[in-house]
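Given the structure is predicted, the values throughout are model-derived calculations rather than measurements. So that the names make sense, note that chain A is the first sequence line, chain B the second, and so on, each numbered from 1.
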Amino acid sequence: MIAPNAIPFISVTILNTLIKHKLEEEDDLRNLAVKGEISNWKRYRSGVFFDLKDEKGSIVPCVLWSDSYLYLPFEPKDGDEVIAYGNITVYVPRGRYTFQVSQLIPFGQGAALLALEALKKKLAAEGLFDEKRKRPIPRFPDAIGIIVGKNSAAEADLIRNLTRRWPLTDIYVFPAQVQGNDAPKSIIAALKTAETYPLDTLIIARGGGSNEDLSAFNDESLVRAVAMCPIPTISAVGHEIDTTLIDYVSDLRVSTPTGAAEAATPEQNEIRRQLLDLEARLENAIETDFATAKQKVEILANRPFFTNPASLYQNAIRDTENLEERLILAESHRFALTQKQLEGYEARLKSANPENVIKRGYSVTLDEEGNPITSTKKTRVGQRLNTKLKDGIIVSIVTEGKN
Amino acid sequence: MAEAKKSKSFEDNLKRLNEIVEKTENSVLPLEESLALYREGMTLIKELKTTLDKAEKEVEKLKDTSKE
């Protein structure tokens, strides 16, 4: 017996992975176009999951990832007969194969859609859809032209919204046939007429309709005419999900006539609010400026120069007072000095007074007239002399003078 | 095209008004200049409001140039 463990085996994951490689590398299962009817159409964030089934009841699970979904030329639904383009893939965890769809087109319209795709690629290659060709839509238009079906709902909608939003704009209506075989020619003629008017913006609008109805807006001549239009154009054709080639070539694409009016004009109430805001800001700014100026004046007014003008000459007063004080002081000094000198003189004078000398014990001899005898030559014999002493006078007669 | 370039002047005036407000808000100007800008701004606001109030829609329907 061979032990069960000795038999070589593989895991389920490896089995599924082997099948995945086998199927995904099989040329016959790549770049397939499969016809079938859609069922169980379920959209998720990541993509769409659905089944394709045929009249025999055979079913294949399909997936359409979000990035492919965005480029679908239509919105598929359960029951639609379609041709799905894609490859077989295997989901390893479930051991399940899936048809991974990259493009889905309605059966029957396939040829027309492929032709449209081809035209779109050609025009894109020429650069007609380039973002850099897109011109800005003037914000404050003077005149707007609208190309619409005569007396259509789109026309009424546009006129109502344009005039309500921005009554300063003149509106020129260029009626055209927006449906049928003559539609492209009619729209081109309206476009050419519109180009002769001094328009700021041109709107081409049409309400929703079937793909057939909107086919005029995929016309190559019309797309090229819009590309050549010197006026910035807004296309508003069909509904949100309908995309026609003039949407790619217009300067701006919107989904409804109302959207076109919104893109073409400012909203007057918005502008009025803006004016109110600007007015308030301007008032505020001028008030601030005034307050600032007032504050500056107040700061200056509070400076000592204004609050106490005397401060200007207070220093001068103080200086003068100082000088005066010093002058008085100096004067009094000088006076004191003079007095002292006088006293000195007086003392000296006093000491020079002969009376004082006599008081000290000396004597002085005077002639009869009271003149002091200071020399023998001033005397003569027989002359009466008075000799003054501190306690009296001696009267004597000169008997002899000697030298 | 009776009134020449009314929206254009509206746009220019609105632009000028914005400039004035920015200037008065963001820079310190001599009072005389602020006052002059304030007066200009107020005049513009009045003009712009009047223009909007007096606006009359003008819709001209042109003949379909292609065959009916």
Side-chain angles (χ1 to χ4, degrees), chain A residues 138-143 145-146 149-151 155 159 162-164 166-177 182-183 185-194 197-198 200 265-266 268-269 271-272 274-290 292-294 296, chain B:
Chain A
R139 197 160 119 73
F140 290 93
D142 277 321
I146 60 176
K150 200 170 190 179
N151 301 322
E155 176 189 335
I159 291 174
L162 287 172
T163 51
R164 178 182 57 78
W166 199 242
L168 296 184
T169 301
D170 293 336
I171 302 165
Y172 291 80
V173 184
F174 303 95
Q177 293 175 51
D182 290 338
K185 211 176 72 188
S186 172
I187 298 166
I188 292 170
L191 196 66
K192 294 296 167 200
T193 311
Y197 285 79
D200 294 300
T265 50
Q268 62 165 316
N269 291 326
I271 299 296
R272 284 176 195 273
Q274 212 175 317
L275 285 176
L276 281 178
D277 173 60
L278 287 169
E279 188 174 4
R281 283 165 64 191
L282 194 58
E283 296 270 10
N284 190 45
I286 194 77
E287 271 167 27
T288 308
D289 280 3
F290 263 110
T292 309
K294 198 178 162 200
K296 276 181 188 164
Chain B
M1 294 285 95
E3 299 149 76
K5 297 290 154 195
K6 53 196 171 175
S7 285
K8 279 288 182 300
S9 66
F10 192 98
E11 185 174 17
D12 291 343
N13 285 345
L14 191 60
K15 197 174 151 209
R16 173 65 185 152
L17 179 59
N18 266 299
E19 279 170 13
I20 288 170
V21 174
E22 294 279 324
K23 201 170 173 185
T24 54
E25 280 181 342
N26 300 330
S27 43
V28 180
L29 301 167
L31 201 56
E32 288 80 3
E33 203 177 323
S34 289
L35 205 55
L37 286 172
Y38 172 75
R39 290 202 181 108
E40 189 187 345
M42 282 300 174
T43 309
L44 284 173
I45 288 168
K46 202 179 159 198
E47 275 177 22
L48 291 170
K49 279 182 177 167
T50 310
T51 308
L52 272 178
D53 290 339
K54 288 190 174 167
E56 280 173 30
K57 64 175 182 179
E58 202 173 299
V59 182
E60 192 173 330
K61 295 197 187 187
L62 296 140
K63 204 163 67 69
D64 189 348
T65 46
S66 63
K67 59 177 168 45
E68 297 284 294

Item to check | Derivation and outcome, side-chain contact (heavy atoms from CB on, under 4.5 Å), residues Asp53(B) and Arg272(A) | outcome: CA-CA 10 Å; Asp53(B) 290 339; Arg272(A) 284 176 195 273; 2.6 Å; yes
Item to check | Carboxylate-amine/guanidinium contact Glu22(B) Arg281(A), below 4.0 Å | outcome: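 Salt bridge flag = yes for Arg281(A) with Glu22(B).
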Next on the checklist: Can you classify the ring geometry of Phe10(B) versus Phe140(A) as parallel (below 30°), tilted (30 to 60°) or perpendicular (above 60°)?
Outcome noted: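 Aromatic pair Phe10(B)/Phe140(A) classed tilted.
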Checklist outcome for this item: Of Asn18(B), Leu37(B), Asn26(B), the largest count of non-hydrogen pairs under 4.5 angstrom with chain A goes to Asn18(B)
Next on the checklist: Please rank Ile20(B), Leu14(B), Leu52(B) by heavy-atom pairs under 4.5 Å with chain A and give me the top one.
Outcome noted: Leu52(B)
Checklist entry - Do you know which of Leu162(A), Ile286(A), Asn284(A) has the most heavy-atom pairs with chain B at a distance under 4.5 angstrom? => result Ile286(A)
Checklist entry - Relative to chain B, which segment of Glu283(A) carries a heavy atom at a distance below 4.5 Å: side chain, backbone, both, or neither? => result both
Item to check | Glu11(B) vs Asp142(A) side-chain heavy atoms within contact, under 4.5 Å | outcome: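 When only atoms from C-beta onward are counted, Asp142(A) and Glu11(B) do not touch, as no gap falls below 4.5 Å.
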Checklist entry - Is Lys49(B) close to Leu276(A) at the side-chain level, that is, under 4.5 Å between some pair of heavy atoms? => result yes
Next on the checklist: Determine whether Leu31(B) and Asp289(A) satisfy the following criterion, side-chain contact (heavy atoms from CB on, under 4.5 Å), listing intermediate values before the conclusion.
Outcome noted: CA-CA 7 Å; Leu31(B) 201 56; Asp289(A) 280 3; 4.0 Å; yes
Item to check | side-chain contact (heavy atoms from CB on, under 4.5 Å) between Leu282(A) and Glu40(B), intermediate numbers included | outcome: CA-CA 10 Å; Leu282(A) 194 58; Glu40(B) 189 187 345; over 6 Å; no
Item to check | Proximal component of Leu35(B), with respect to chain A [non-hydrogen, under 4.5 Å] | outcome: both
Next on the checklist: On a heavy-atom basis, which atom in Leu278(A) and which in Ile45(B) lie closest, and how many Å separate them?
Outcome noted: C-CD1, 4.3 Å
Checklist entry - What is the distance from atom CG of Leu48(B) to atom CD of Gln274(A), rounded to the nearest 0.5 Å? => result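 Going from CG on Leu48(B) over to CD on Gln274(A), the span is 10.0 Å.
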